Every structure is written in structure tokens, then in C-alpha cells.
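Here's the structure we're looking at; comments come further down.
What you are looking at is a predicted structure, and each value in this text was computed from that prediction instead of being measured. Hydrogens, waters and symmetry mates play no part in the numbers below; they use all other heavy atoms, side chains included.
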Amino acid sequence: MSFVETEERRALRAAVSELGKKYGYAYFNERARSGGQTTELWQEAGKLGYLGVNLPEQYGGGGGGMGDLSIVLEELGAAGCPLLMMVVSPAICGTVISRFGTDGQNERWLPTLADGTTTMAFAITEPDAGSNSHGITTTARRTDAGWSLSGRKVYISGLDVAKAVLVVGRTEDARTGKLKPALFIVPTDADGVEFQRIEMDLISPDKQFALFLDDVRLPPEALVGSEDAGLMQLFAGLNPERIMASAFAIGIGRHALGKAVAYVKERQVWKTPIGAHQGIAHPLAQCKIELELARLMMQKAAALYDAGDDLGAGEAANMAKYAAGEATARATDQAVQSLGGNGMTVEYGVASLVNAARASRIAPVSREMILNFVAQHSLGLPKSY
């Protein structure tokens, strides 16, 4: 891979940046605080082809990869309006369907995922199965007409705007009786589907929900891919999730850093801009370095994934997610510190970024589980859990 972006990717980055600035943090913040949605931005990004830049051209996408999609989310975040559902709808759901779906599933879902007229949620986490995805109990049983799906999920993003949700469940192996993972597309308006909002202490237009599935009847074509390859298919979606979560975090970090730099250039104490003082300048420089390093690892992960190296992408995607979460947490905290009292005000819009950045160290996978992964798989240390 080259460490220099192609002309096409530089053009994409510039174009998306302009779209993000058209809406900006003020728009995003107003929607978040009023309980609204960023519908206009999502729809315009879809019409311009940015939401589906990673999806196959034959189904209305841009024919690119995760490297392209990560640029879109990073630049929107850097402009102050990160779209969390990009991590889910085109990245996880679109990727899984395009890789493992039937022709009918591709034709049914990918064109509208690409243009943004359909948003699809993703449901894996359960009350008793968070980091341990092997403990999932949501179960699909065969019926004469297809499947019956029952279970409960938590912390599911965007169910209020989604037309369907890609659910990670388990099917029973007829030979052994053991449960094995499988993926199902479930319309959010199907009988037996209910969801309730989980109140979060975050200023965000993207809401979290508990999802209840009570004997939801699905046709045979609701199953994505093979019953016997569910785990492989699942992790094919989780690598893009980690790459895009990195882009989300890096974008927020860049936005916070940009606000801090602009402020310390202008704010004067004792006739000198405070940005001239090393006590202010050096921490901000450190944040810049760490964000750039996180982006490099994210780009490596995307390049490996787009090249078909799922194993190599898994290691790099986890490392990128760790680095991005740490870097954006430091950048937002340092932005608040650089602005002093102004950093805590609504007017300057910095403090509101701290919780979102902090969440990047927890979701979609915690920093501790990433360290477990690296210790075991990269360093060859004994498994600790």
C-alpha cells in the first residue's frame, strides 16, 4: 500500500469535507439537543453517492472499499457532524450482504443502502452476551414457512430510523443439537418486533435501543449466507465495524483539535496568544501526532480488508480502533483544557465531544478486549478469559 492517497481519494476527501462544512457542528448539535435526526445530511450524502462508496457498482454503489468509506465518515466527523449509522448500515450490513447474500438479497437491499433511502441496523449485543458473543441466546428455529426468531438485544443504534435490522442469532444443528451463529435480516415493522429507547448521557442524534424479538416469523430468504459459516460471516462484518469506528473517533478528535488550535491562536493573555506557550502547544502537537498515527493504522486495516486478507485486517482493525479511541479521548480532553472555562460552555461546543470520544474507548469493543486480542493473537500469550 502507498502512504500517499490517490488523486481520487484526495478528491473524495475534499468533496466530503465541503458537504460536512455545509451542515457543520451547529446543525449536528441542534439536532442532537432537540431530539431530532440528521436526516437532511444523510439523504444528501446518499444522493451524492458517499454512503454507498464501498458497495458494488452493479447495485448502485461506488465500487470502492472500506478505505473510501472511512474517508467519508472521518471527514464528516472532522466537520462536526459524524454519522454513526455509517458504521452500521453501509459498512457492516452492506458488506455482509454484498459478500454473502444471494442475488435476490443484493438486489433487494444494496441499492437503497447505497443511496441512503434505506438504513439498516445491526443487532449482536445481548444483556448477558456483550464481549462474549459466543454466549448469544437469540435463537432461530425452522418452521414450515421459514424461521421463527426470538431473543433480546441491547445497545442497538438507530432502530428508530432503520427499515430493517441484521440480527445475529443462533440456529440449532440438527446433528449435534448445538447452537451455531447465523445472520437474519428482520424488518423493523414485522410482527413480534418491539424496541425501547435506552436513555444515554450522550449528546447525539443517534439513539440506542433495547430490541425484543418474540416469535418473529421470517421467510427462508431472511437468512444471510450459510448456516454453517455464520461465525466467518459475522467477523467479516466486525472488521469493517472496527475500521469505521476508528474513522468515527478520528473525525471527532480532528474536530476537537481544530477548535482548540483556532482558539489558542487568538486567545491572548499578557499580550501573547496562549498557543505560543509550550504548555499549550506541546499537548496539542501530541494530539495531532497520535491522531495521525491512528489514521495510518486505520488505513492499513482498510487496505488489508479490501485486499481480502480478513485475518490480517482483524489484527490491524483492532489496533486501529484502540489507537483511535485513545487519541480522540486525549484530543477532546486537551481541547477542553486549552479553552479553560470556555471549554465547558455550550457556545464553544467542545465539552459535548468528550462523552462521544470517551465512548470510543468502550464501543463497539472495549480497549481491554482489544488488549486481550493483541496479547493472545499478536504476542502469542496465554488466553486470559
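Side chains of D215 and S148: a donor on one and an acceptor on the other come within 3.5 Å. With hydrogens and angles left out, the side-chain atoms of Y385 and N372 include no donor and acceptor closer than 3.5 Å. Neither side chain, N29 nor S352, offers a donor N or O lying under 3.5 Å from an acceptor on the other. In the model, Y50 has no side-chain atom that pairs as donor or acceptor with a side-chain atom of E44 under 3.5 Å.
Under the 4.5 Å side-chain contact rule for hydrophobic residues, V88 and F195 do not share a cluster. Cluster annotation: Y23 is connected to L76 through the hydrophobic network of ILVMFWY side chains, with a link wherever side-chain heavy atoms come within less than 4.5 Å.
Inter-residue side-chain proximity for F3 and Q299 is flagged as unmet; no heavy-atom pair is nearer than 4.5 Å.
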- Item | CA sep, side-chain torsions, deciding dist, call: T138, E126, side-chain hydrogen bond (donor to acceptor under 3.5 Å, both in side chains) | CA-CA 8 Å; T138 296; E126 296 184 1; 2.6 Å; yes
- Item | From CA spacing to verdict: side-chain contact (heavy atoms from CB on, under 4.5 Å), Y25, L353 | CA-CA 10 Å; Y25 177 78; L353 301 174; 4.0 Å; yes
- Item | Verdict with reasoning, D128 to T137, per side-chain hydrogen bond (donor to acceptor under 3.5 Å, both in side chains) | CA-CA 9 Å; D128 298 315; T137 59; over 6 Å; no
- Give the C-alpha distance, both sets of side-chain angles, the deciding distance and a yes or no for side-chain hydrogen bond (donor to acceptor under 3.5 Å, both in side chains) between Q37 and D206. CA-CA 7 Å; Q37 304 288 346; D206 300 294; over 6 Å; no
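Between D310 and R99 there is a salt bridge, since at least one side-chain N of the basic residue sits less than 4.0 Å from a carboxylate O of the acidic one. Look at R295 and E292 and you find a salt bridge, because one of the NZ, NE, NH1 or NH2 atoms lies within 4.0 Å of a carboxylate O, short of that distance.
Nearest approach of R170 to I136, heavy atoms of both residues: CD-O, 2.7 Å.
Atom CZ of R13 sits in a crowded spot, with more than 12 heavy atoms from other residues, nucleotides or ligands closer than 6.0 Å.
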